[in-house]
Amino acid sequence: MRSRIVEIAAAAGIAVIAAASAQATDVNVYSYRQPFLVKPLFKAFTDKTGIKVNVVFAKKGLIERLKTEGTASPADLIFTVDIGRLHDAVKAGVVEPVKTDTLLANIPASLRDPDGNWYGLTTRTRLIYASHDRVPEGGIETYEQLVEPEWKGRICTRSGKHVYMIALIASMIAHHGEEKAEDWLAGLKANLARRPQGNDRAQVKAIHAGECDVSIGNHYYYQKMLDDPKQKAWAEAVRVVFPNQAGRGAHVNISGASLVKGAPNRDNAIALLEFSSGEEGQNIYARVNGEYPVKPGVEGPERLTAFKADDLPLARVAELREEAGRMVDRVDYDG
Ligand code: FE
C-alpha cells in the first residue's frame with residue numbers, strides 16, 4: 001500500500017514524505033484530493049511562508065494508514081472532500097480539535113465542526129439538472145418536487161449510497177423529519193427512469209441520450225462537462241437549477257481539512273489551514289475546481305450565478321448520515 005502511494009505521489013511530481021525528512025520548516029499533508037486541486041494552493045503557501053508542503057495523495061486508505069501509523073505518523077493535516085469523509089476521520093479518532101480566531105472568523109459556523117475537528121474550505125451545491133427540451137423553464141424548482149407524479153420514469157441519479165447522496169438525504173431528514181424524508185426517498189426511487197448507476201456526469205449524459213429528463217448532481221460538473229469536448233453536448237442538453245431558492249436554499253457540502261492527532265508540525269499545519277481559509281487561499285482553492293469559497297466576500301465561479309445556500313449546519317448532516325444510509329437500504333433505493 002505504502003509503495004503504491006509513494007508511486008502515485010512520485011508520478012505526480014510531488015515530494016514524498018519520509019519521516020526523516022520532516023523538518024520544522026515542513027508540513028505534511030495526506031490528501032484524498034487530486035494533485036491539480038491542491039498544488040496551486042500549497043505552492044502559494046510555500047511562496048509566502050517558506051514552509052514546504054509534502055503531500056501523500058491517495059484515493060482511499062489514508063484514514064486506515066493514520067490509524068496504523070498512530071503517534072509515529074508524519075502527517076499533520078488531512079485534506080478531503082465531503083462532510084462524510086471528514087466525519088469518518090473524526091470517528092476513527094485520527095484527528096484533533098483546533099480553534100483559532102482566524103479560522104473562526106473566516107469560516108461560517110455551519111461549515112465547520114463546533115468542536116474544531118474539521119473545517120470546510122470550499123463549498124459545492126447539489127443541483128437539479130433538467131433537460132432543455134423536455135422540461136420547461138421553472139418546471140422543477142425544489143428537491144421536494146422530484147417525487148411528484150409528473151416525473152414518473154423521468155429521473156436519473158447515482159447510487160443512494162454515495163456520500164453526495166447520503167448528505168442530501170441527511171439534509172432532508174434534518175428538515176422534514178425521518179418519516180417524511182423516507183416518503184420522499186421512496187417517492188424519488190419510484191420516479192427513477194433506471195436503476196441508480198454511474199457518477200453525476202453519467203446522469204447528464206443519460207439526459208442527453210433521452211433516457212431521463214431530470215437528474216441530481218454537484219454543480220462543478222456542469223463547467224467540467226462544458227470544458228470537455230466529449231462531454232460538452234451533455235451539458236448543453238441541460239439547464240442547471242439551484243433548488244429551493246424561494247425557501248431554505250440549495251443543499252451544500254464541503255471540501256475541508258482536519259488537523260491530525262499529534263501532528264508533529266502543528267504550528268505549520270495551523271498556518272496552512274489559516275492560509276487556505278484566507279482571501280488569497282480561498283481565491284486559489286475554490287477557483288481551481290469551480291467551487292464556492294467559504295469565506296464571505298470572496299467571489300465564486302464565474303459561469304454559475306450566486307445562489308441561496310441552505311445554512312443547515314453540516315455537523316447536523318454528519319450526525320444523520322448513518323440514518324440516511326439505513327433509509328437508503330429500507331427503501332431499497334439502489335435495487
Ligand atoms: Fe465530485
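Each ligand, and each atom within it, is numbered from 1 in the order the structure gives. Values in this document were obtained by computation on a predicted structure and should not be read as measured data.
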Pairs touching residues 102-117 that satisfy salt bridge (Lys or Arg N to Asp or Glu O under 4.0 Å), sequence neighbours left out: none

Non-neighbouring partners of Tyr32 that pass ring pair (Phe, Tyr, Trp, His ring centres under 6.0 Å), sequence neighbours left out: none

Non-neighbouring partners of His162 that pass ring pair (Phe, Tyr, Trp, His ring centres under 6.0 Å), sequence neighbours left out: Tyr164

Tally of protein N, O or S atoms, where distance to the Fe ion (ligand 1) is under 2.8 Å: 3

Geometric class of the Phe45/Phe275 ring pair [parallel <30°, tilted 30-60°, perpendicular >60°]: tilted

Parallel, tilted or perpendicular, as decided by the 30° and 60° cut-offs, for the rings of Phe79 and Phe42: perpendicular

Over 12 foreign heavy atoms within 6.0 Å of CG, Asp101: no

